[in-house]
Every structure is written in C-alpha cells, then in structure tokens.
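Here's the structure we're looking at; comments come further down.
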Amino acid sequence: MTGAALSHLTSETLADQAYAALRLAIANGELAWGEKITERGLATRLAVSPTPVREALRRLEQDRLVERTGPRSLRVVRLSPETLAEIREVEVQLQGLIARFAARHIDAETLAQLDSVLAEADPLRATLVRINDAGGTLPPETVQRLLAALRRFHTIVEEAGANPVLAGLLEQARAFSPAVRVESALAQLTATDGAYEEHHLLLQALHAHDESRAEQIARHHGTPPPDAS
C-alpha cells in the first residue's frame with residue numbers, strides 16, 4: 001500500500017464511511033492480501049481520528065477480512081487458493097439465485113433501463129473488438145466506459161432481485177475475489193466465446209420472466225465486472 005491518501009469521507013457516520021472505504025480498498029486490491037495495517041496508519045490515510053477506524057476494523061474482523069496480530073496491529077487475511085476457489089463457487093451460485101429472483105420481480109421500467117444500458121455498451125464493445133482484431137492497443141477510456149456500463153447492468157439486475165439477504169452475502173463473497181473479477185471482466189471485452197453476448201441472453205430471459213433460464217445464464221456467465229471507479 002503506497003503513501004497516497006485514500007478518498008476523504010463525506011457522509012453518513014465516520015465509522016460507516018471508514019468501513020466502506022476499507023472494504024473497497026480490500027476488494028480492489030489497494031490493501032493486499034496479507035498486508036500489515038495499523039489503526040493509526042489507516043486513520044492517517046482516511047484523514048480521520050483512530051476511533052472510527054477502530055470501529056471499522058472491528059466490523060472487518062467480523063467479516064473475516066482482517067485479523068489481529070497485536071494490540072494495535074492487524075493484517076488483511078491471506079486465504080489459501082482452495083478457500084478462494086470455494087468462495088468463488090459460492091459467489092457464482094448467489095449470482096444465479098439473484099438472477100432467478102430478478103426474473104420473478106422485474107418490471108417494465110427496469111427492463112427498459114437494461115435495454116438502454118446494453119444499447120450503450122454494444123457499440124463500445126464493437127469498437128474494442130475491431131481494435132483488438134487489428135492488433136491495436138485498447139483505449140483505456142473506452143475500456144472504462146464499457147466496464148462501467150456492464151457494472152450498471154449487473155447492479156440493476158441485482159437490485160431487481162429484491163432480496164437484501166442474498167445481496168449482502170454476494171457483497172461479502174465479492175470482497176474475496178478482486179483479482180478474479182478484474183481478470184474475468186477484462187477477458188469479456190474482446191472474447192469471442194460468447195461471454196459478452198450472455199448479457200443479451202440474460203436480458204431475454206428477464207423479459208420472458210424465465211426464472212430457470214436467467215439463473216442458468218447468470219451462473220454460467222460468472223463474475224460481473226468490478227466497479228470502474
């Protein structure tokens with residue numbers, strides 16, 4: 001972890017903000033697996049007093065994302081490849097269940113939102129495929145715009161699932177798979193194996209309110225892209 005300042009906190013309670021910021025830092029790899037951390041060091045990075053950071057770290061301990069190594073020192077957990085693979089299986093199963101519930105509950109307005117997101121994403125993806133096929137370098141701005149669009153797509157589907165318990169479990173599982181999520185997301189951008197097209201297949205299943213089909217596609221599709229922020 002470098003000395004660059006993390007984003008400052010602006011809303012909700014400071015403890016809640018610190019918790020969210022540190023979870024994100026773990027999920028996106030800014031705080032690496034096994035990295036040693038201290039309350040005071042994180043407080044400096046977040047520009048707050050140690051008290052809200054201490055509360056945030058207690059919650060992260062409960063989440064089993066960090067573990068204590070001394071009275072004032074901790075480290076981000078380091079899990080075995082086997083455990084990470086099992087968590088990944090759980091994540092995929094949860095995505096399938098959420099897609100099943102989305103197909104059950106989704107309304108016309110939400111379907112129109114998903115149609116609009118893919119209408120935005122399709123030309124971006126086509127541009128990246130053309131550049132990739134020609135051996136060029138993918139433009140970062142286009143990559144980020146496409147990742148952001150796909151993230152919105154999955155977020156809308158997950159919100160349509162209307163199951164806060166499953167959503168919370170999925171969020172927890174995702175904190176353990178940052179590298180897999182990034183790798184999977186980038187691979188989808190120019191893949192010719194139909195990974196990107198599965199977004200359209202899922203949308204078709206949602207339009208048809210086909211719960212089984214939506215669940216099957218979501219499980220096969222795997223991990224949606226990480227936040228592109």
Side-chain angles (χ1 to χ4, degrees), residues 20 23-24 27-28 88-132 138-175 177-178 180-229:
R23 270 190 66 101
L24 178 60
N28 65 22
R88 175 78 182 99
E89 287 184 38
V90 170
E91 183 180 350
V92 170
Q93 296 301 316
L94 289 171
Q95 288 171 203
L97 287 173
I98 288 177
R100 169 179 282 275
F101 293 142
R104 182 180 304 174
H105 300 301
I106 201 164
D107 57 27
E109 180 180 355
T110 305
L111 287 168
Q113 292 176 6
L114 292 172
D115 288 334
S116 176
V117 171
L118 287 190
E120 174 189 345
D122 285 347
L124 295 172
R125 200 262 177 165
T127 297
L128 293 180
V129 169
R130 285 198 302 271
I131 294 172
N132 185 69
L138 300 183
E141 181 181 354
T142 305
V143 169
Q144 289 303 313
R145 287 176 61 196
L146 180 53
L147 287 175
L150 296 181
R151 181 60 252 164
R152 289 201 306 276
F153 179 91
H154 288 285
T155 297
I156 293 169
V157 171
E158 289 160 16
E159 290 175 350
N163 190 304
V165 174
L166 285 182
L169 291 172
L170 182 58
E171 180 185 5
Q172 175 71 7
R174 282 181 177 160
S177 61
V180 173
R181 293 178 64 208
V182 171
E183 181 180 352
S184 175
L186 293 177
Q188 288 181 22
L189 299 186
T190 57
T192 58
D193 61 358
Y196 176 83
E197 285 71 18
E198 286 178 348
H199 293 90
H200 284 279
L201 295 178
L202 177 57
L203 182 52
Q204 291 172 12
L206 294 174
H207 270 285
H209 296 280
D210 188 334
E211 297 179 22
S212 296
R213 180 63 174 154
E215 180 176 359
Q216 178 186 31
I217 294 168
R219 286 181 173 175
H220 183 267
H221 181 72
T223 305
D227 293 330
S229 57

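- The side chain to side chain contact (heavy atoms under 4.5 Å, CB included) test applied to Pro139 returns Leu128, Ile131, Thr142, not counting sequence neighbours.
- Counting only heavy atoms from C-beta outward, the side chains of Leu111 and Leu203 approach each other to under 4.5 Å.
- The shortest non-hydrogen separation linking Ile98 to Val157 is CG2-O, 4.2 Å.
- When all heavy atoms of Phe101 and Gly161 are compared, the closest pair comes out as CB-O, 3.5 Å.
- Between Leu118 atom CG and Arg125 atom CZ the span is 12.0 Å, to the nearest 0.5 Å.
- Contacts of Glu171 classified as side-chain hydrogen bond (donor to acceptor under 3.5 Å, both in side chains), with partners at least two apart in sequence or in another chain: none.
- The two residues Ala205 and Ala214 come nearest to each other via the heavy atoms CB-N, 3.8 Å.
- One distance of note links CZ of Arg213 with CG of Leu206; it measures 11.5 Å at 0.5 Å rounding.
- Listed here is the closest heavy atom pair of Ala103 and His209: O-ND1, 2.8 Å.
- Summarising the geometry, atom NE2 belonging to His154 is positioned 6.0 Å from atom CG belonging to Leu150; distances are rounded to the nearest 0.5 Å.
- Under the rule for a side-chain hydrogen bond (donor to acceptor under 3.5 Å, both in side chains), the partners of His200 that lie at least two apart in sequence or sit in another chain are Asp122.
- Under the salt bridge (Lys or Arg N to Asp or Glu O under 4.0 Å) criterion, the residue pairs touching residues 94-118 are Arg100-Glu211, Arg100-Glu215, Arg104-Glu211, with sequence neighbours excluded.
- For Glu120, the salt bridge (Lys or Arg N to Asp or Glu O under 4.0 Å) partners at least two apart in sequence or on another chain are Arg152.
- Contact of the Phe153 side chain with the Leu202 side chain is registered, since non-hydrogen atoms from C-beta on lie closer than 4.5 Å.
- With sequence neighbours excluded, no residue forms a side chain to side chain contact (heavy atoms under 4.5 Å, CB included) with Ser116.
- To the nearest 0.5 Å, atom CD of residue Gln216 and atom CD of residue Glu198 are 10.0 Å apart.
- Side-chain contact check for Val92 versus His220: every heavy-atom pair is 4.5 Å or farther apart.
- Within the 4.5 Å cutoff, the side chain of Leu114 has heavy atoms near those of the Ile106 side chain.
- Summarising the geometry of Thr110 relative to Ala160, their closest heavy-atom pair is CG2-CB, 4.2 Å, with the distance given to 0.1 Å.
- Counting only N and O atoms by type, the side chains of Arg219 and Gln95 include no donor and acceptor under 3.5 Å apart.
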